[in-house]
S.K.: 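The structure that follows is given in the form of structure tokens.
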There are 2 protein chains.
Amino acid sequence: MKHFPTDITCMECNARAHSVFKKIGITEVEEIDSIKSCGHYKKGQFIFSERGNPMGLYCISSGKVKLVTTGENGKEQILRLLKDGDVVGYRSLISNDRYHCSAVALEDSTICFIPKQSFFNLLKSNAGVGFEIMQLLSENLKTAEQHIVSMAQKNVRERMAEALLFFKASYGLDPEDQSLNVAFSREEIADFVGTSTETAIRLLSEFNQDEIIQLQGKKISILNCDKLIRTANLDV
Amino acid sequence: MKHFPTDITCMECNARAHSVFKKIGITEVEEIDSIKSCGHYKKGQFIFSERGNPMGLYCISSGKVKLVTTGENGKEQILRLLKDGDVVGYRSLISNDRYHCSAVALEDSTICFIPKQSFFNLLKSNAGVGFEIMQLLSENLKTAEQHIVSMAQKNVRERMAEALLFFKASYGLDPEDQSLNVAFSREEIADFVGTSTETAIRLLSEFNQDEIIQLQGKKISILNCDKLIRTANLDV
DNA sequence: ATGCAAAGATGATTTACATCATGTTTTAAC
DNA sequence: GTTAAAACATGATGTAAATCATCTTTGCAT
């Protein structure tokens with residue numbers, strides 16, 4: 001892979017501090033650094049595709065990524081949202097499986113690649129990394145199963161409120177104007193909520209009218225978080 | 001815990017051969033056996049409850065177990081189905097979390113308990129077990145995420161067909177009459193599919209009329225598996 | 001700057017499914 | 001064996017949300 005002036009080393013990567021590699025020794029960091037390659041992805045670009053064969057682990061140094069699958073009808077479903085410090089592709093590697101979803105950059109991103117064998121070597125030599133991955137999978141599983149319950153038991157309005165809260169939890173808010181730090185299209189939001197684009201648009205307009213949120217193009221500001229929680233019918 | 005004449009040792013436990021403990025040494029097996037306790041659960045009994053604090057790992061020696069959560073509206077949602085050789089409760093232990101779902105015996109079951117600390121000791125001393133658990137979580141996550149897509153994009157009819165196929169995959173068929181090796185109530189089936197009991201009953205009757213399945217009380221025989229796969233709209 | 005395509009918005013119509021209602025069968029308790 | 005209570009079944013009705021249709025706005029390429 002080509003080297004860009006924007007390439008960074010693992011030693012100076014800020015994302016590493018809150019990644020699964022936060023506790024590994026300097027020797028191991030240098031070893032990963034020597035073997036990793038750095039990739040630059042434009043918004044909308046695929047990091048890997050559904051049904052592809054995993055060749056290694058991806059590490060988000062900067063940027064945002066969505067994991068999506070395409071259902072039989074061709075409709076997309078967003079499964080997970082990732083940001084800097086997150087690793088991508090571990091599930092398939094550990095299951096020794098093809099990818100069951102695609103990874104797509106939500107904005108211009110710098111994402112490093114660690115070959116499969118190096119990842120497994122690290123897992124063997126460093127039990128801590130293994131446990132971090134285990135914890136990651138456990139959290140992913142919990143989130144997914146909670147999502148199943150929402151899908152099965154909540155109406156679209158409640159799920160839309162949940163989705164906005166999830167976007168907030170995933171990427172945070174701009175302290176300036178309480179706007180989501182991510183710009184999804186209405187279709188992408190619908191793909192997460194599991195509804196039609198039209199219904200998603202309508203609900204967002206409603207929330208806007210009810211002054212729960214404020215819309216300015218793709219920018220969504222959360223005006224009344226409590227009301228959003230109540231709308232989602234959550235007792236957190 | 002009391003000892004019953006039906007209690008069995010880990011050494012003679014048939015379920016162990018296809019469990020996460022299939023590859024551990026005889027010394028470790030004996031160590032687990034000396035510390036484990038054996039529980040006998042009647043059909044419908046809870047092994048643990050949502051929001052409870054996990055104290056250890058459960059091992060199904062014989063029987064069947066469902067993992068369920070209760071949504072805000074009080075409606076149950078079946079999340080996972082387990083049988084002999086399966087372990088239960090690892091997700092919460094690894095996340096250091098309270099249980100996010102309850103475990104309920106689907107039939108009279110013998111389930112052993114390994115204290116938290118012993119499980120973590122085993123994880124530390126035996127990397128193989130750790131990897132098995134990792135693989136388990138990975139598979140669980142894949143299944144859960146596929147379930148999300150079904151919930152979001154498929155209609156109830158397709159999901160019902162999928163559910164029957166999932167029950168078949170989970171517990172198998174009686175070779176005699178192709179009947180599912182598990183007796184769910186219509187309400188439980190509805191709780192898995194994410195629909196109302198009435199709709200579940202209606203769809204099962206339809207499938208029965210269409211000679212895709214045959215109903216005799218709680219016994220469900222799969223007459224035409226291909227048609228079921230087509231009804232589920234799967235391209236496996 | 002202009003034109004074109006994609007994204008966003010909103011109304012009208014249809015439909016899949018929940019809910020309500022009522023009856024029947026099975027299971028369990030005494 | 002009788003009764004009560006679940007579980008199962010089926011029809012009638014209501015409604016949330018999908019689909020279809022049309023229009024406006026925004027972004028992007030030339």
S.K.: B/I201 CD1 to D/dA6 P: how many Å, rounded?
M.R.: 16 Å
S.K.: Check whether more than 12 heavy atoms from other residues, nucleotides or ligands sit under 6.0 Å from atom CD of A/E176, and answer yes or no.
M.R.: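 Counting other residues, nucleotides and ligands, CD of A/E176 stays at 12 neighbours or fewer.
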S.K.: Between the two end axes of the helix from C/dA1-D/dT30 to C/dC30-D/dG1, each built from 5 base pairs, what angle do you get to the nearest 10°?
M.R.: 50°
S.K.: With sequence neighbours excluded, tell me which residues meet side-chain hydrogen bond (donor to acceptor under 3.5 Å, both in side chains) with A/T9.
M.R.: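 If we apply the side-chain hydrogen bond (donor to acceptor under 3.5 Å, both in side chains) test to A/T9, skipping adjacent residues, there are no hits.
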S.K.: Who are the side chain to side chain contact (heavy atoms under 4.5 Å, CB included) partners of B/D226, not counting sequence neighbours?
M.R.: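 Partners of B/D226 under the side chain to side chain contact (heavy atoms under 4.5 Å, CB included) test: B/N224, B/R230.
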S.K.: For A/S102, what residues pass the side-chain hydrogen bond (donor to acceptor under 3.5 Å, both in side chains) criterion, not counting sequence neighbours?
M.R.: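 Expected list: none.
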S.K.: Taking DNA chain D as the partner, which of residues 148-156 of chain A come within under 4.0 angstrom of it by heavy atom?
M.R.: A/N155, A/V156
S.K.: Going 5' to 3' through nucleotides 20-30 of chain D, assign each nucleotide B (protein heavy atom under 4.0 Å from a base atom), S (under 4.0 Å only from sugar-phosphate atoms) or - (no protein heavy atom that close).
M.R.: B----------
S.K.: Test of understanding: with salt bridge (charged side-chain N to carboxylate O under 4.0 Å, His left out), list the residues that count as partners of A/K168, not counting sequence neighbours.
M.R.: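 In terms of salt bridge (charged side-chain N to carboxylate O under 4.0 Å, His left out), with neighbours along the sequence ignored, A/K168 is linked to no residue.
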S.K.: Tell me, yes or no, whether the heavy-atom count around A/N14 atom CG, taken from other residues, nucleotides or ligands under 6.0 Å, exceeds 12.
M.R.: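 12 or below, so no.
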S.K.: Once you apply a heavy-atom cut-off of 4.0 Å, does B/T197 come out as touching a base, just sugar-phosphate, or nothing?
M.R.: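 The answer is nothing, as B/T197 stays clear of every strand by at least 4.0 Å.
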S.K.: Over how many whole Å does the gap from A/R157 atom CZ to D/dA17 atom P extend?
M.R.: 10 Å
S.K.: Distance check needed: C/dA7 C1' versus A/F184 CZ, whole Å only.
M.R.: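 Taking CZ of A/F184 and C1' of C/dA7, I get 16 Å after rounding.
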S.K.: Taking only the side-chain nitrogens and oxygens of B/S205, find out if one of them lies under 4.0 Å from OP1 or OP2 of D/dT10.
M.R.: yes
S.K.: Within the structure shown, what part of the strands sits under 4.0 Å from B/T195 by heavy-atom distance: base, sugar-phosphate, or nothing?
M.R.: sugar-phosphate
S.K.: How long is the line joining CD of B/E187 and C1' of D/dA6, in whole Å?
M.R.: 10 Å
S.K.: Looking only at the side chains, is there a donor atom on one of A/S150 and A/E162 sitting less than 3.5 Å from an acceptor on the other?
M.R.: yes
S.K.: For nucleotides 24-30 of chain C, give me one character per nucleotide, 5' to 3': B if any protein heavy atom sits under 4.0 Å from the base, S if the only such contacts are to the sugar-phosphate, - if neither.
M.R.: -------
S.K.: Can you measure B/L215 atom CG to D/dT10 atom C1' for me and round it to whole angstrom units?
M.R.: 15 Å
S.K.: Could you give the NZ-to-C1' distance, from A/K43 to C/dA6, as a whole number of Å?
M.R.: 13 Å
S.K.: Run the side chain to side chain contact (heavy atoms under 4.5 Å, CB included) test against B/K66 and tell me which residues pass, sequence neighbours left out.
M.R.: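 With neighbours one apart ignored, the set is B/V68, B/E76, B/I78, B/L81, B/V104, B/L106, B/E188.
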S.K.: Ignoring backbone atoms, test whether A/S185 places a side-chain nitrogen or oxygen under 4.0 Å from the OP1 or OP2 oxygen of C/dA7.
M.R.: no
S.K.: Please check if the number of heavy atoms outside A/Q216 that lie under 6.0 Å from its CD is greater than 12.
M.R.: yes
S.K.: Checking all strands, does A/S196 fall into the base, sugar-phosphate, or nothing category for heavy-atom contacts under 4.0 angstrom?
M.R.: base
S.K.: Name all residues meeting the side-chain hydrogen bond (donor to acceptor under 3.5 Å, both in side chains) criterion together with A/R91; count only those two or more places apart in sequence or in a different chain, and write none if there are none.
M.R.: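 Applying side-chain hydrogen bond (donor to acceptor under 3.5 Å, both in side chains) to A/R91 gives A/S95, A/D97, A/H100.
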S.K.: Could you state the atom-to-atom distance from CG of A/L203 to P of C/dA9 in whole Å?
M.R.: 12 Å
S.K.: Is it true that B/D84 and B/H18 share a donor-acceptor pair across their side chains at a distance under 3.5 Å?
M.R.: yes
S.K.: Rounded to whole angstroms, how far apart are CZ on B/F207 and C1' on D/dA9?
M.R.: 17 Å
S.K.: Could you work out, with side chain to side chain contact (heavy atoms under 4.5 Å, CB included) as the rule, every residue matching A/R202, not counting sequence neighbours?
M.R.: A/E198
S.K.: State yes or no: are the ring centers of B/F192 and B/F167 separated by less than 6.0 Å?
M.R.: yes
S.K.: Can you list everything that forms a side-chain hydrogen bond (donor to acceptor under 3.5 Å, both in side chains) with B/E206? Sequence neighbours excluded, please.
M.R.: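 side-chain hydrogen bond (donor to acceptor under 3.5 Å, both in side chains) list for B/E206, sorted by chain: B/R157.
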